[in-house]
Amino acid sequence: MQPSIASRDYAPQTADVPVLALSGITKSFPGVKALDGVSLELFPGQVTALIGENGAGKSTIVKTLTGIYQPDAGEIRVAGKPVRFASAQDAARAGITAIHQETVLFDELTVAENIFIGHAPRGRFGMIDWAEMRRRARDILARIDAELDPDTPLRDLGIASKHLVAIARALSVDARVVVMDEPTAALSHKEIEELYELVDRLKSEGRAILFISHKFDEIFRIADRYTVFRDGAHVGSGLMADVDEADLVRMMVGRDVDQIFPDRVKSPGEEVLKVVGYAHPTEFDDIGFSLRRGEILGVYGLVGAGRSEVMQALFGITRPSKGAVKIDGAIKVIRSPADAVANGIVYVPEDRGKQGAVIGMPIFQNVTLPSLSQTSHRGFLRLAEEFALARRYTERLDLRAAALDQDVGNLSGGNQQKVVIAKWLATQPKVIILDEPTKGIDIGSKAAVHAFMAELAAEGLAVIMVSSEIPEVLGMSDRVIVMREGLIAAELEGDALTPETLVRHAAGIGEDRP
Amino acid sequence: MSDMTARHLPDRLQSPAARLLQSWELLLLGLAIAIFIANSLASPYFLNAWNLSDATFNFTEKAMIAFAMALLIIAGEIDLSVAAIIALVSTAMGAAAAAGAGTPLLVLIGLGTGLACGAFNGLLVTRLGLPSIVVTIGTMSLFRGVSFIILGDGAYRSYPPEFAYFGQGYVGWVISFEFVLFGLCALAYYVLLHRTNFGRSVFAIGNNATAAQFSGIRVGRVKFMLFLLTGLMSGVAAICLTSRLGSTRPSIASGWELEVVTMVVLGGVSILGGSGSIPGVVIAAFVMGLVTFGLGLLNVPGIVMSIFIGLMLISVIAVPRLWRMWRG
Amino acid sequence: MKRLLTSRETMLSGAILLLLALTASRFPGFIAPANLVAVFTDTSPLLILALGQTVVILTRCIDLSVAANLALSGMVCAMLNAAMPGIPVALILALAVLLGAVMGAINGALVWKLAIPPIVVTLGTMTIYRGIIFLISDGAWVNAHEMSAAFTGLPRARILGLPVLAWFGIASALLIWLMVTRTPLGRAFYAVGGNPHAAVYTGIDVGRTQFWAFTISGALAGLAGYLWVARYSVAYVDIAGGFELEVVAACVIGGISIAGGAGTILGTILGALFLGIIKNALPVVDVSPFWQMAISGAAIIIAVTLNTRSARAKGRIILRRAQAAQTEGAPA
Amino acid sequence: KGAEEAAAELGNVEVIYTGPTDTTAEGQIEVINSLIAQQVDAIAVSANDTDALVPALKKAMQRGITVISWDSGVATEGRELHLNPSSNPLIGNMIIKLAADELPEGGQVAVLSATTTSTNQNIWIEEMTKVLGDYNGIEVVGTVYGDDLADKSYREATGLMQTYPELDAIIAPTSVGIVAAARAVEDAGKVGQVNVTGLGLPSEMAGAIESGASKSFAIWNPIDLGYSAAYLAYQLATDAAEATPGAEIPMGRMGALTLDENTEGAMADPFVYDASNIDAFKDIF
Ligand SMILES: Nc1ncnc2c1ncn2[C@@H]1O[C@H](COP(=O)(O)OP(=O)(O)OP(=O)(O)O)[C@@H](O)[C@H]1O
Ligand SMILES: Nc1ncnc2c1ncn2[C@@H]1O[C@H](COP(=O)(O)OP(=O)(O)OP(=O)(O)O)[C@@H](O)[C@H]1O
Ligand SMILES: [Mg+2]
Ligand SMILES: [Mg+2]
């Protein structure tokens, strides 16, 4: 048997009849109307880009058309026939498959099983046919050029390989509609190129593709059509050929957004942080750099280069095996985040949901969590002071919420990020580390984050910004460290700071392999 | 998210009074009052100061442990070894009493042994990163096992006469020493959980231990302290119980761990961690005490009483959910 | 190869062999084949319950009601047999399994439909099921002479030299192993426990899967209920009291992660055998009975420490140098 | 059942029979507290811990309630009198005699007890050890505890047979233990080699007598025991009698109870059951 991916031919359908059409879809969550009568059409052999700000409802519609959510109202038609999906399996049976924004994989299962769970090939008595499953897994992996053994337990794989498994999983269904929800967010340069090739191939096989991304360059590169959502409503669709970037942005945010990075007067003060010879047995080695007041230090690298690990070591999460940290010239030992905070180093993590805000606690309690010693009296809480402190910083960040005692879990992702930043500013730190501060943030909010970073630096805070986006790194940083495979590959400044040098050092091009 | 005008954020959406009105504690209080009234109607012996005072012994010792356990469960851990700690503490005190120790020393030994057991659990959980439910299933056998090794089929009964005060003494009229201690512990734990930085970090850890750690909270240290507190309270309960029984056997307090957990859960503490309150646990203690005492007065066999407790445990969570489902 | 040598199952097998050797050095008769059969037979009820518990724990739940379920199913069988000795044993057996499954399904439904945490549900049903035994039996015992010979005879009848009780243990292990490794439901147990959020995305209904886990656990408890009552020829309220924690301990020793989604049936079998051997060896080697409890407690703690150590994520390795060192250390 | 018979005979007596959730001392105390609260006239308790109940029972006595213990006793200061089903030396002697009678040549016997804390078990075993010298050639090789759990008792009995392959008899002075031990002997195929004896109820032991695993065992009549306890409690509560050493207190159809210096007394001699009489009793108790 051929790998399922090529076993059906959808080409005969005419390109202007939608293979999948959603209309009038409404979906509410407690307190939020995530989708309000939206429509979406996908055509065979074409890539439709779905764009919108954070929280516009993109992932929600993906979950609706893959059977994970059931819409409150509206209609889904597959090839003209109305359908209802009670579960993800129903949608898969109708030929709809998705690479979701969240990883939907299982660490304890093997690669082959991760690809096939939910629709494993069955043998006698309805038992799973392991041999067949492995064989098919191997075929699919070969198709996407992933050199993975189907029997490896997933927990042994790196993040990029896991992503390949997620892609393989989407392809294991003989799908006429393939949905990709921000598929390139975790991939490196090379893997992104490969993904584009895959998209082209799927297109040529006559499949309809829904592609969600915040990156305009890639949308313009691969999409044929677009659909824009704003605040859960449909604001426009059409052919990519008819629009330019500014049009799309206007539709997305309802106004013009200049994408120019804030102008900054670069006047670094004295040195606040110096890292010497930081090393860890498996994660990084020989890390050294310094940082001055009012400076923004960019840290660039491909995903998996170990940037977060270094920053988390500075913050006391991972314990380095060697090396020293000097703060204001004095050597400090940092064994825990509590030590780091006490020494004026704070960290805004990449993984907001898990490491950032304490979901389920009110906003003000989140904000005061690291500075309780300020607002309390001999270890006893003083609510009035807590509210005052929380108000001061949340209002400064223009937090959008109903009240300070609202649960953080009810806020949108961007506002959760603001709570985390407010929490740290309240401790009046010397050094703030922002790990991918604009990852998955829409372009409207992005500009706000950039402006804010510039403001902090202007107030004399030292900022470290870990980022994988070259424009952001170039636009914001005074100086950039490039990391590769746990080592510092280069430190760039001034004229040496160009997209080419960044990519070259990050990927190790033109260097002898050690 | 896109317009840039700053806005004023109110502190609270609802006034604290409005919140209280919708709270679990109020519901539970209603239940307690209903049971109280039902008991008074069902049995002529119920409304009697001495009888009510006797009834408090049904729950005071368990409730003292339940306060510490509530904090532990809110922080996302559990300690199933509390009853075994009682056995070991009681054995240690018995051995000391047999060797001629006086009451003050006995109390010190009791508290010290409790703390040591708590520290042992705490180290295993926080240092070795083991799941607390498994660790304490293990130490539950271990602690009681040690007391079996020490005592075998014997018993300690040579406690000094003053030692009887803790479990049998009265502070004034019908108010027993144990009941006063229970009240003091309730107050202390209320303040600790709801009014201090420590309590706030307990909630933060229970909600999301990683985020709490990333906010600069020393998660391991807080959890360790909670195991210590639970050990300490088991020690306190062991002192009261031993004093009340006047003797020690290794089988003392068997099965209490599940009753304590039941009390905590009934008090509205989420077994998944992150939420709960001490007033809830206090009321739950009264509810359990009143139910067992009331049914006892009607001479309902204990095993049938436990059906009531089991049903109550499930229905306090199930009924509100069913109600919500039924309404829409 | 290295993975095989350091796997939990290998380590546990080693521990079991060591235990047997130690026992044999003080009491050689212990490892006589006939006695090993007896030990296995004696461990079978624990094994059967542990298999059910494994399935439940895999889905990130826990079932504290298994012992009460066993006792209630057993009591119903015994009372039925006493009242109507004519009912064929096969029918009683089927009824026990069915009754157990219904009790398990009640747990499962509460977890699934009302989303009540499993530990709360089963803590509650544990006392309720026990209480019901008292209500139906009025606290009285059902004794050997009230049971029919066929009823009490089945578990000890021998097939190919092995008592039927042991065969039930083996058959349950095989069946659960097949189910867990070869059926979609079995794999769903791992998925639901390993990453419940992701399971939804693959079309697996988390609640329904947990419901089936509880039902299976209940059915096995029902089976064990009949076997227990028939074997000891007596039924009363307190039978198998406190057994639920021993069952959980067997799973944990066998390497089933309490956090769900990880562990093997072989592990459970070994875990149950380990506890069974300790329980059977202590009376024959001259260890004071008072030591027994402390020893099994220590065994649980040691086992879980070792399991957690070996299961601790090896962590991915960024440094090329460290990666190279790692691959040299472990030639594939 | 016996208590109710006594109540009927005495007329103005109401019997409350109740028990705790589990067999712990703490549970029994809760029950005693609720009985105190109901202002009962008398409490007759079969304790599962000699000492732990004392403070609670003392409190009961302070409030004017008559307290007696029966079967499994309470320490002297916790009750007015204790009713032994039979005299302890008699039982101790009886259980070893039952074993020895089947072993004219002597042999090895082992004891399977209930929990390590059961008062009565421990006393009987003690009394048995005292008279051991009277039985030539009988050697007690070990004492194990089945905790009154069927499965543990079974396992311990199996262990005994393995540890002592020459074992001739198991003495189990507990009704759970004796049944489990008989089962274990049957399953080990040692019927005829190992004789199980001790204290058990005819209804529970009928099967074992039939299979031959047990040749004989002894017990008193539990109905009589309940009857006597109720009668005694009535006598004391109505001040018709006083529990002082040496006193003789009537117990209706069971005669009178003579108290010793510990205010203990024995109801009657245990009765021996074997294949010849078991069928007549197995449906009674
Ligand atoms: N399970 C849920 N419960 C409650 N609210 C939800 C849930 N899922 C999504 N929402 C809310 O619905 C809205 C739409 O979210 P959705 O995830 O679809 O946004 P998105 O367009 O995918 O954003 P992003 O670009 O950040 O991925 C948001 O306000 C979000 O907070
Ligand atoms: N094998 C893996 N399994 C699970 N998570 C992984 C794995 N590898 C990497 N990750 C996660 O993916 C993210 C990126 O990896 P890492 O932190 O090593 O790279 P980085 O260079 O710091 O990149 P960035 O900060 O840009 O994501 C981190 O959140 C990390 O925890
Ligand atoms: Mg999204
Ligand atoms: Mg990272």
Visitor: Within a radius of less than 6.0 Å around CD of D/Glu210, do more than 12 heavy atoms belonging to other residues, nucleotides or ligands occur?
Guide: no
Visitor: Starting from the C-alpha separation in whole Å, work towards a yes-or-no answer on side chain to side chain contact (heavy atoms under 4.5 Å, CB included) for D/Arg155 and C/Asn280.
Guide: CA-CA 7 Å; D/Arg155 209 170 289 123; C/Asn280 280 279; 3.5 Å; yes
Visitor: What heavy-atom pair brings C/Arg231 and D/Arg183 nearest, and what distance separates the two atoms?
Guide: O-CD, 3.2 Å
Visitor: If you count heavy-atom pairs under 4.5 Å with chain C, which of D/Leu201, D/Val179, D/Val176 comes out on top?
Guide: D/Val176
Visitor: Non-hydrogen atoms of chain D under 4.5 Å away: do they reach the side chain of C/Phe134, the backbone, both or neither?
Guide: neither
Visitor: First locate atom CG of D/Leu149, then atom OH of C/Tyr232, and finally report the distance between them rounded to the nearest 0.5 Å.
Guide: 10.0 Å
Visitor: Let's test your reading of the structure: which of C/Arg156, C/Lys279, C/Arg130 forms the most heavy-atom pairs below 4.5 Å with chain D?
Guide: C/Arg156
Visitor: When rounded to the nearest 0.5 angstrom, what distance separates CH2 in C/Trp141 from OG in D/Ser175?
Guide: 5.0 Å
Visitor: What distance separates C/Ile239 CD1 from D/Asp151 CG, expressed to the nearest 0.5 Å?
Guide: 9.0 Å
Visitor: Given a strict heavy-atom distance threshold of 4.5 Å, which part of D/Ala150 is in contact with chain C: side chain, backbone, both, or neither?
Guide: both
Visitor: What closest approach, in Å, do D/Asp148 and C/Tyr236 show between heavy atoms, and which atom pair accounts for it?
Guide: O-OH, 3.8 Å
Visitor: Does anything in residues 157-166 of chain D reach chain C? List residues with heavy atoms under 4.5 Å apart, or say none.
Guide: D/Gly159, D/Gln162, D/Thr163
Visitor: Side chain, backbone, both or neither: which part of C/Phe27 has a heavy atom under 4.5 Å from chain D?
Guide: side chain
